[in-house]
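Everything on this sheet refers to the single structure shown next.
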Number of protein chains: 2
Amino acid sequence: MTIYEVAQRVGVSIATVSRALRSGGQVAGETRRRVLEVVEELQFRPSRLGQSLAEGRHAANGIVFPDLSGPYYAEVILGYEEVAAEVGSSVLILATHGRTDPGRKVLDLARRVDGMAIMGRTVSDGVVAQVAATGMPTVLLARLPVGELDTVTTDSEASARELVAHLVAHGYRRFAYLGDPDESSDVTARYDAFRSALVDRGIRPPRAPLRCAFDVPAGQEAARRALAGSPPPQALVCANDEVALGALAAAKQLGRSVPDDVAIVGWDDVMAARYAGLTTVRQPMRELGATAARWLQDRVASSRLPVRREVLRTQLVIRTSCGQHPNEMEVP
Amino acid sequence: MTIYEVAQRVGVSIATVSRALRSGGQVAGETRRRVLEVVEELQFRPSRLGQSLAEGRHAANGIVFPDLSGPYYAEVILGYEEVAAEVGSSVLILATHGRTDPGRKVLDLARRVDGMAIMGRTVSDGVVAQVAATGMPTVLLARLPVGELDTVTTDSEASARELVAHLVAHGYRRFAYLGDPDESSDVTARYDAFRSALVDRGIRPPRAPLRCAFDVPAGQEAARRALAGSPPPQALVCANDEVALGALAAAKQLGRSVPDDVAIVGWDDVMAARYAGLTTVRQPMRELGATAARWLQDRVASSRLPVRREVLRTQLVIRTSCGQHPNEMEVP
DNA sequence: TTGAAAGCGTTACCAC
DNA sequence: GTGGTAACGCTTTCAA
């Protein structure tokens with residue numbers, strides 16, 4: 001079922017069918033009617049490949065993320081997809097999680113899209129540069145800028161400072177940090193801001209972070225180590241909520257009361273954080289994805305745009321894991 | 001940068017370049033070497049569009065889901081993507097959530113893929129049939145079969161019965177059901193199984209479900225209504241965890257103790273369920289997605305396969321919201 | 001307003 | 001082993 005059959009059936013050329021099918025086409029009303037009639041009758045749908053090849057564009061955008069587990073990435077992707085769909089773009093996803101040679105996959109993806117969003121520490125700067133070098137409109141998410149690429153991040157700096165201020169106000173002085181700052185630039189920023197916020201207040205920051213993977217079991221294990229110290233830290237600042245949830249479990253296991261014996265805070269505000277009473281930092285994930293899609297659309301539409309950088313606002317969410325707040329507790 | 005430039009530069013025909021680039025091609029070793037050299041030098045990457053058009057396949061699969069919020073769909077998609085990537089297929093996603101004319105979008109997606117997975121109540125049977133009618137390999141997920149299409153679901157029947165048995169063993173007799181069974185066939189199955197399990201035990205099922213949207217606020221509101229009844233129900237069986245989490249909030253708000261005054265159970269086992277102590281039903285989401293991708297791959301590879309149906313096992317996860325279990329409590 | 005034909009970038013068949 | 005070339009299915013000039 002091709003445009004040729006339709007043309008033949010109607011008794012016109014394929015050019016006319018093509019024109020009748022697209023909005024801007026200059027076709028006589030009667031001709032268009034006849035074409036559409038046959039199109040309907042034959043259930044003809046133009047081949048996307050043919051169209052894309054002729055138009056020289058895919059009408060599709062890609063997004064690369066490390067993994068989808070955890071609500072974090074799901075939300076980003078949803079925001080991305082929503083905007084992309086609005087502007088008529090399909091969305092191709094690629095999870096690099098633990099795969100060998102993510103670079104190859106990303107380059108592969110780049111051949112199927114008009115623009116692409118790359119999240120966090122999914123691929124090396126080299127690969128990113130390689131993608132960008134092809135002229136592919138690219139936006140980086142929650143990751144350090146590479147070259148002159150558009151980049152949108154969330155404000156780790158401000159929220160880390162706020163978090164520290166809050167904990168210090170509660171009287172905590174001995175801090176530990178759980179999670180690997182080298183895992184992503186985002187987390188590096190959180191860690192750095194956390195340290196400098198402490199220093200600014202004349203509090204001695206921990207010598208080093210307790211590196212662990214970003215999941216519940218790893219957080220639990222790391223927290224167990226941290227709490228075994230003497231004197232043990234009074235507050236555990238965790239790289240994300242899953243680590244913090246693990247820490248919560250460890251505290252419980254060790255019979256330490258939260259927040260009386262130890263405060264625990266996380267990052268991301270996943271749904272479980274609410275039910276665990278976890279103080280955390282809410283990030284506008286959906287907006288992160290949506291921004292990427294919008295910027296990409298702009299770049300596809302018109303090249304030669306100035307580089308864009310944006311840091312999205314975050315919000316400190318106070319719950320019970322960082323200390324008692326008689327009158328501000330959120331009802332789950 | 002096309003295959004022509006490479007061919008010219010090497011001094012061979014485009015056919016030879018093409019052959020040198022693909023694994024099966026019969027090319028002299030020396031020729032291939034020279035081709036690859038130039039390919040590397042020019043950073044040539046064949047156009048996916050050109051390839052697909054010539055090969056007659058997209059090397060891409062699509063997946064359609066109602067929304068991505070909640071870990072539920074994210075997990076399905078991750079399972080799907082993982083398998084698809086393994087077999088060399090890209091993944092296109094489409095969220096229909098609250099959009100006008102999802103049918104059009106789905107049909108659109110169908111033009112860009114070799115196979116597609118359709119989840120739950122995203123589009124009408126008519127649209128599904130229309131997609132299938134084009135010969136597109138299609139598998140349905142968590143949804144009633146349509147025609148002769150492959151379908152994979154999770155076992156609502158068994159888990160609903162198990163759930164009821166457990167609640168009855170705890171002594172609960174007055175039940176309410178929260179959620180709209182008409183929202184998806186999956187939920188219809190849960191509701192039907194729930195009812196018949198009660199009837200089988202000589203317990204009178206609720207006259208009707210308390211219909212509400214599948215999110216926390218809606219669940220909270222519905223639970224408030226339910227608990228206002230007199231006598232109030234002793235157990236609230238919720239269509240999914242988000243509704244159940246809302247119900248938990250409502251109970252707290254009304255000063256009802258869970259599980260002493262009222263038991264609450266959900267479905268899906270989202271991460272928050274664990275921290276809320278919610279008894280629920282765990283479903284193999286990842287496996288759901290992975291199965292779809294595998295089946296699709298099989299169908300793309302060889303047509304004329306028999307229809308496949310599979311019901312994946314679910315697992316009842318007992319926590320505290322359904323009653324006291326002195327020695328079986330999970331440590332969060 | 002319409003048709004003919006030139007792309008678009010590959011793959012694969014058929015000769016040589 | 002290699003080259004020529006016909007698809008593949010569309011969009012878009014250029015003429016008429």
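In what follows, every chain begins at residue 1, and chains take the letters A, B, ... in the order their sequences are listed.
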Donor-acceptor check, side chain of B:E5 to backbone of B:M1, threshold 3.5 angstrom: yes or no?
yes

Nucleotide-resolved protein contact map, nucleotides 8-16 of chain C, B/S/- at heavy-atom distance under 4.0 Å
BBBBBB---

With axes from five pairs an end, tell me the bend angle of the helix from C:dT1-D:dA16 to C:dC16-D:dG1, nearest 10°.
40°

I'd like to know if the side chain of A:T291 and the backbone of A:E287 have a donor-acceptor N/O pair within less than 3.5 Å.
yes

Check for a donor-acceptor pair, side chain of B:S89 on one end and backbone N or O of B:A85 on the other, with a separation under 3.5 Å.
no

Examine distances only and state if a side-chain atom of B:T138 and a backbone atom of B:M136 form a donor-acceptor pair shorter than 3.5 Å.
yes

Does B:H58 use its side chain to pair, donor to acceptor, with the backbone of B:R112 at less than 3.5 Å?
yes

5' to 3' on DNA chain D, which nucleotides open and close the contacts with chain A (atom under 4.0 Å from a heavy atom)?
D:dG9 to D:dT13

Counting only N and O atoms by type, is there a donor-acceptor contact under 3.5 Å from the side chain of B:R286 to the main-chain atoms of B:G79?
no

Is A:S52 reaching over with its side chain to a backbone N or O of A:L49, donor-acceptor style, under 3.5 angstrom?
no

Quick one: which of A:D186, A:T151, A:D125 gives a side-chain hydrogen bond (donor to acceptor under 3.5 Å, both in side chains) with A:R143?
A:D125

For a quick check of understanding: with a heavy-atom distance under 4.0 Å over all strands, which category does A:S52 fall into, base, sugar-phosphate or nothing?
nothing

Supply the atom-to-atom distance B:I93 CD1 to B:Y73 OH, rounded to the nearest 0.5 angstrom.
14.0 Å

Please classify the nucleic acid contact of A:G29 as base, sugar-phosphate, or nothing, using heavy-atom distances under 4.0 Å.
nothing

Check whether any side-chain N or O of A:Y80 sits under 3.5 Å from a backbone N or O of A:G62 as a donor-acceptor pair, and report yes or no.
yes

